[in-house]
Novice: 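Below is the structure I would like to discuss, written out as structure tokens.
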Amino acid sequence: MSRDAAGAEAPSSTSIAARARAAVVPQAAGYLDGLNPEQRRAVEATEGPVLVLAGAGTGKTRVLTTRIAHLIAIGRARPFDILAVTFTNKAAREMKERIGALIGPAGEGMPWLGTFHAIGTKILRRHAELVGLRSDFTILGTDDQLRLLKQVIEAANIDEKRWPARGLAQAIDGWKNRGLAPEQVPAGEAGAFGFGKGGPLYAAYQERLRTLNAVDFGDLLLLCLKLWRDHPDVLASYQDRFRYILVDEYQDTNVAQYLWLRLLAQGRRNVCCVGDDDQSIYGWRGAEVDNILRFEHDFPGAVVVRLERNYRSTGHILAAASTLIARNEGRLGKTLHTEAAAGERVTVMGAWDSEEEARLLCESIESMQARGEPLSQVAVLVRISAQMREIEDRLVQLGLPYRVIGGPRFYERAEIRDALAYLRLTANPADDLAFERIINTPKRGLGDATLQALHGHARRQSVPLLQAARLIVETEELKPKPRSTLRALGQCFGRWAKLLEAQPHAEVAQTILEESGYTEMWQKERTADAAGRLENLKELVRSLEEFPDLPAFLEHISLVMDASEAEGGERVSLMTLHAAKGLEFDTVFLPGWEDGLFPNQRAIDESGRAGLEEERRLAHVGITRARKRAKISFAVNRRIHGLWSSTIPSRFIDELPESSVEVIEAPANFSYGPSRFDRQPTPFGSSYGTPGWQRAQANTAGQDRFGGQDRFGGQDRFGGGRRGGPQQIEGTLVAKSTGSPSSFAVGARIFHTKFGPGSVAAVDGNKLTVDFDKAGRKMVLDSFVQPA
DNA sequence: ATGAAGAAACGTCCG
DNA sequence: GTTTCTTCAT
């Protein structure tokens, strides 16, 4: 009551009492100020299920954080009564900060704000015994998972060449994403891998995990489900504990996460999901758009709030994005609007090939820089990372500083994983995977033969590898040299473990890395990146200091994927469209809008219309990253898998509203001459989108007059090469790929290891267009197929 | 055990 | 075409 009054008083900050109160609880006052009516509704609808459909740039995080602040401020919940789940650590961190800013230190203690995985871990550690684990279980990263799967496959006597561990990992992840334990996998699917052994292999893998006292990422959720199903009392305690549940990015939840949430939400039913069906771009990772589309059905009586007022982009940008996304059928429907000015139109520009596209794009950035635009407000968003190289090359040439966002993650780097393996093994001598990783890193002469012997010994004595090493050196099984090396290694780990009790763990880590010879290994290597690796190791030791002890650090590191990249600096940002979600920039370049690349052919092949719609959402995400300028471009020729092929402008370009788009002609360039646009599509007002045009385009493309890479050969080549060109280029390509044209004829029956049987629909040199019985139409190289 | 040559991938990527 | 992994030979 009195708190509500305080809220109402807040606007009249002239009152002495209000000012005095604000000095004590400064953030409690006025946190609702500045919310628009819809946002306010989303914040104040505290009871029962709520779905907040938050379009791009509509203040989603603000609603989420204000809602939490509100729940605490009006006394509905204490910080530890609230479960708030996000997908990424970054989002969780951000939310913590913003809540802190709203309600002060009171918000610091939100123990249940975190990623699905972090919270799952926390719950599992408390009840590990109930699902057959010890509470100090280790969490396996992707690389460990793969190594383990390889062992499982070999143990089952299956040819790992034919059935790579990667494929099994994908299948298992897929099952886990759908909440399926080995015995729940549908019979039809279980046979999909390794001559019908997919199911048993999954079971064997889980068995191995159990004996290693380890879990993978999927298990963090799956085992929670098992725990709750087998122990209703435990479930009830959590249902009771979480008075309010909030979920960020609900459109990205997979089935397992959905089940996890639903079990918890069945308690008090105060669940608030925030998301945007138009920004669901992780279907290939198991996300189910359906979860958000079905929310009202799953939670009857749900309040649905739409946030459609956009605070980020100008009118034209919003119009372009909205018109585009309106083509999707599977959506709840929102229309973004803004009070901002119309601003600049979205530009669309064609380039001759990807190299020219990169050049024009970077020159455009350069001139923006000259006009005084900060580079930190410029981003280039590509569909696939392979597009990055050409753009990077160009940026380097022009001397424009840039950074790549979402590159290899810190923890995934080899040196970090090696170092972590040392730390893991010190903390947990039973960590066999860590042992295998470092037994011969740095090289110390312990090769396959030694490892084999160790494995045998470990199995016979049923002890972990490190323990086996200590035992085996007392026998005659090994030759003298490896025996003494191994003895020394075993003693090292014993010593380090003791040291851990006596010294600060960061110092011990430093000692471990030095005494093991690991740092020395990189110091001796004089390659360009060795220095960077040593720097990363230092960073690792430094970050260790932020944790109370080594186990806490190891847990953190296994859950935290990205060491937050050093922000700031005047740099152009380069990233994939996926990595761009949640970010915004004044100017956004969107290159590579070509059918096949974007929308990506594979997405369409594998998921049909759903795939196309996801690609369209990706386009929508791309455009809505821009505050002031969105610049789309495409190339007419692009090298795909090393072969030059002609491309067609993305169908998405045609779907943009003409009134918000401006078609830019590439600046005239000496190497082309005035006739360059003769064969260039004019994106608007012509019929280039028609099948006929596309066929015409595809046909001429087969006989390109000049190969992209030779374009700069000068006017001589351009003028003279017009007639002689085609043969020359064709010849080069064929010679470089296989040496002979395809021996397959149209109509021939073939077999492809990945796609199975099919019949040849078209032949182009050594490229075949094949209609596969199962996989549909695909382009493949003839060297990958054999006669059926 | 280490380097060179050959083969295969090459879609997006969080925890 | 480029990169990365594997395999083979030394």
Side-chain angles (χ1 to χ4, degrees), chain A residues 85-92 114-121 139-142 145 160-161 164 166 170 173 176-177 215-221 248-249 252-254 256-257 280-287 354-355 381-390 393 405-409 411-412 414 440 442-450 481-482 555-562 575-582 592 596-607 611 614-615 617-618 621-622 638-644 707-709 732-733 736-737 753-754 780-781 783-784:
Chain A
V85 267
T86 63
F87 274 84
T88 64
N89 287 300
K90 193 175 157 219
T115 62
F116 275 103
H117 295 88
I119 290 169
T121 308
I139 301 165
L140 260 40
T142 324
Q145 188 188 11
E160 212 256 307
K161 299 276 163 46
R166 283 288 291 252
Q170 249 184 314
D173 280 345
K176 289 191 172 176
N177 283 340
V215 299
D216 63 17
F217 286 123
D219 286 340
L220 293 175
L221 292 168
D248 190 18
E249 307 277 18
D252 288 338
T253 48
N254 60 36
Q257 288 156 342
S280 164
I281 55 176
Y282 286 111
W284 48 274
R285 208 165 71 187
S354 49
E355 198 195 342
L381 312 184
V382 296
R383 176 63 183 86
I384 64 170
S385 33
Q387 283 172 266
M388 287 189 189
R389 182 165 313 282
E390 266 177 315
D393 285 350
I405 295 184
R409 259 149 294 293
Y411 91 106
E412 275 174 11
N440 205 24
K443 304 266 185 290
R444 43 173 78 93
L446 299 172
D448 261 357
T450 313
K481 244 185 292 163
E555 167 145 338
H556 167 82
I557 212 79
S558 61
L559 290 170
V560 175
M561 300 326 234
D562 53 344
M575 69 196 92
T576 62
L577 284 162
H578 284 89
K581 197 168 88 165
L597 179 64
F598 188 41
N600 190 275
Q601 191 57 46
R602 210 151 136 187
I604 298 174
D605 287 346
E606 281 169 21
S607 315
E614 179 154 319
E615 294 286 302
R617 290 193 291 266
L618 206 44
V621 166
R638 184 175 295 273
R639 194 163 40 205
I640 298 163
H641 299 335
L643 294 167
W644 283 95
Q709 70 271 60
T732 324
L733 289 179
K736 273 185 185 159
S737 42
T753 23
K754 189 167 170 204
V780 295
L781 290 183
S783 47
F784 288 100

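All values below were derived from every heavy atom in this structure, side-chain atoms included, with hydrogens, water molecules and symmetry-related copies excluded. First the proteins, then the strands, lettered A, B, ... as listed; each starts at 1.
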Novice: Which heavy-atom pair separates A:T86 from A:T88 by the least distance, and what is that distance?
Specialist: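 That would be OG1-O, 3.1 Å.
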
Novice: Which nucleotide, B:dC13, B:dG11, B:dG15, lies nearest any side-chain atom of A:E615?
Specialist: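 The answer is B:dG11.
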
Novice: Kindly assign one of parallel, tilted or perpendicular to the pair A:Y282 and A:H578, based on the angle between their ring planes and the thresholds 30° and 60°.
Specialist: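 Correct class here is tilted.
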
Novice: Compare side-chain N and O positions of A:R639 against OP1 and OP2 of C:dG1 and report whether any pair is under 4.0 Å apart.
Specialist: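 No, outside the criterion.
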
Novice: Whole Å only: how far is the NZ atom of A:K481 from the C1' atom of B:dA1?
Specialist: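 From A:K481 NZ to B:dA1 C1': 11 Å.
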
Novice: What is the separation between atom CD1 on A:I384 and atom P on B:dC13, rounded to the nearest whole Å?
Specialist: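 It works out to 11 Å between those atoms.
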
Novice: When you compare the side chain of A:K581 with that of A:D252, does any pair of heavy atoms fall below 4.5 Å?
Specialist: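 With C-beta onward as the side chain, the pair touches.
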
Novice: Which nucleotide wins on minimum distance to the side chain of A:T576, given the candidates B:dT12, B:dG11, B:dG15?
Specialist: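 Side chain of A:T576 sits closest to B:dT12.
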
Novice: Starting at CE of A:M388 and ending at C1' of C:dT2, how long is that distance when rounded to a whole Å?
Specialist: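 Atom-to-atom, A:M388 to C:dT2, this comes out as 16 Å.
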
Novice: Where each residue is assigned the nucleotide of DNA chain B containing its nearest heavy atom, which of A:R166 and A:L577 is assigned the position nearer the 5′ end?
Specialist: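 By nearest-heavy-atom nucleotide position, the 5'-most residue is A:R166.
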
Novice: Looking only at heavy atoms, what is the nearest atom pair of A:I405 and A:A579, with distance?
Specialist: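 Taking every non-hydrogen atom into account, O-CB, 4.3 Å.
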
Novice: Expressed as a whole number of Å, how far does the P atom of B:dT12 sit from that of C:dC5?
Specialist: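 Going atom to atom, P in each nucleotide, I get 15 Å.
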
Novice: In this structure, how many angstroms lie between the C1' atom of B:dC14 and the CG atom of A:N254, rounded?
Specialist: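 Whole-Å distance recorded here is 11 Å.
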
Novice: If I take atom CD in residue A:E555 and atom C1' in nucleotide B:dG15, what distance separates them, rounded to the nearest angstrom?
Specialist: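 Interatomic distance, CD of A:E555 to C1' of B:dG15: 12 Å.
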
Novice: Can you tell whether the side chains of A:E355 and A:R639 come within less than 4.0 Å, N to carboxylate O?
Specialist: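 No, no charged N to carboxylate O under 4.0 Å.
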
Novice: With centres under 5.5 Å and planes under 30°, do A:W284 and B:dT12 count as stacked?
Specialist: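 A stacking contact exists, since A:W284 sits close and nearly parallel to the base ring of B:dT12.
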
Novice: Would you say a side-chain N or O of A:N89 is under 4.0 Å from OP1 or OP2 of B:dG15?
Specialist: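 For B:dG15, OP1 or OP2 has a side-chain N or O of A:N89 closer than 4.0 Å.
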
Novice: To the nearest Å, how far apart are A:Q257 CD and B:dG15 P?
Specialist: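 Rounding to the nearest Å, CD of A:Q257 and P of B:dG15 are 12 Å apart.
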
Novice: Can you identify which nucleotide, out of B:dG11, B:dG15, B:dT12, has its nearest atom closest to the A:R602 side chain?
Specialist: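 Looking only at heavy atoms from C-beta outward on A:R602, the closest nucleotide is B:dG11.
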
Novice: Looking only at heavy atoms, what is the nearest atom pair of A:I119 and A:V85, with distance?
Specialist: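 Distance-wise, the nearest heavy atoms are CD1-CG1, 3.5 Å.
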
Novice: State which of B:dA1, B:dC13, B:dG11 makes the closest approach to the side chain of A:Y282.
Specialist: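 Per side-chain heavy atoms of A:Y282, the pick is B:dC13.
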
Novice: Can you name the atoms? Protein N/O to nucleotides 3-10 of chain C N/O, anything below 3.5 Å, with the distance.
Specialist:
| unit_1 | atom_1 | unit_2 | atom_2 | d |
| --- | --- | --- | --- | --- |
| C:dT3 | OP1 | A:R389 | NH1 | 3.4 |
| C:dT7 | OP1 | A:K161 | NZ | 2.8 |

Novice: Is any side-chain N or O of A:T115 closer than 4.0 Å to OP1 or OP2 of B:dC14?
Specialist: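 Checking A:T115 against B:dC14: no side-chain N or O falls below 4.0 Å of OP1 or OP2.
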
Novice: Take the protein atom CG of A:D216 and the nucleotide atom P of B:dC14, then report the distance between them rounded to whole Å.
Specialist: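 Taking atom P of B:dC14 as the reference, CG of A:D216 is at 17 Å.
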
Novice: Expressed as a whole number of Å, how far does the P atom of B:dC13 sit from that of C:dT2?
Specialist: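 Looking at atom P only, B:dC13 and C:dT2 are 22 Å apart.
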
Novice: Contact class for A:E390 (heavy atom, under 4.0 Å): base, sugar-phosphate, or nothing?
Specialist: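 No contact.
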
Novice: Rounded to whole angstrom units, what separation is found between the CG atom of A:N177 and the P atom of B:dG15?
Specialist: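 In whole Å, B:dG15 P and A:N177 CG are 14 Å from each other.
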
Novice: Is there a side-chain contact between A:E614 and A:W284, using heavy atoms and a 4.5 Å cut-off?
Specialist: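 Of all side-chain heavy-atom pairs linking A:W284 with A:E614, at least one is under 4.5 Å.
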
Novice: Closest to the A:N440 side chain: B:dG11, B:dA1, B:dG15?
Specialist: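 From the listed options, B:dA1 comes nearest.
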
Novice: Compare all side-chain heavy atoms of A:I139 with those of A:H117 and state whether any distance is below 4.5 angstrom.
Specialist: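 No, too far: nothing below the 4.5 Å cut-off.
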
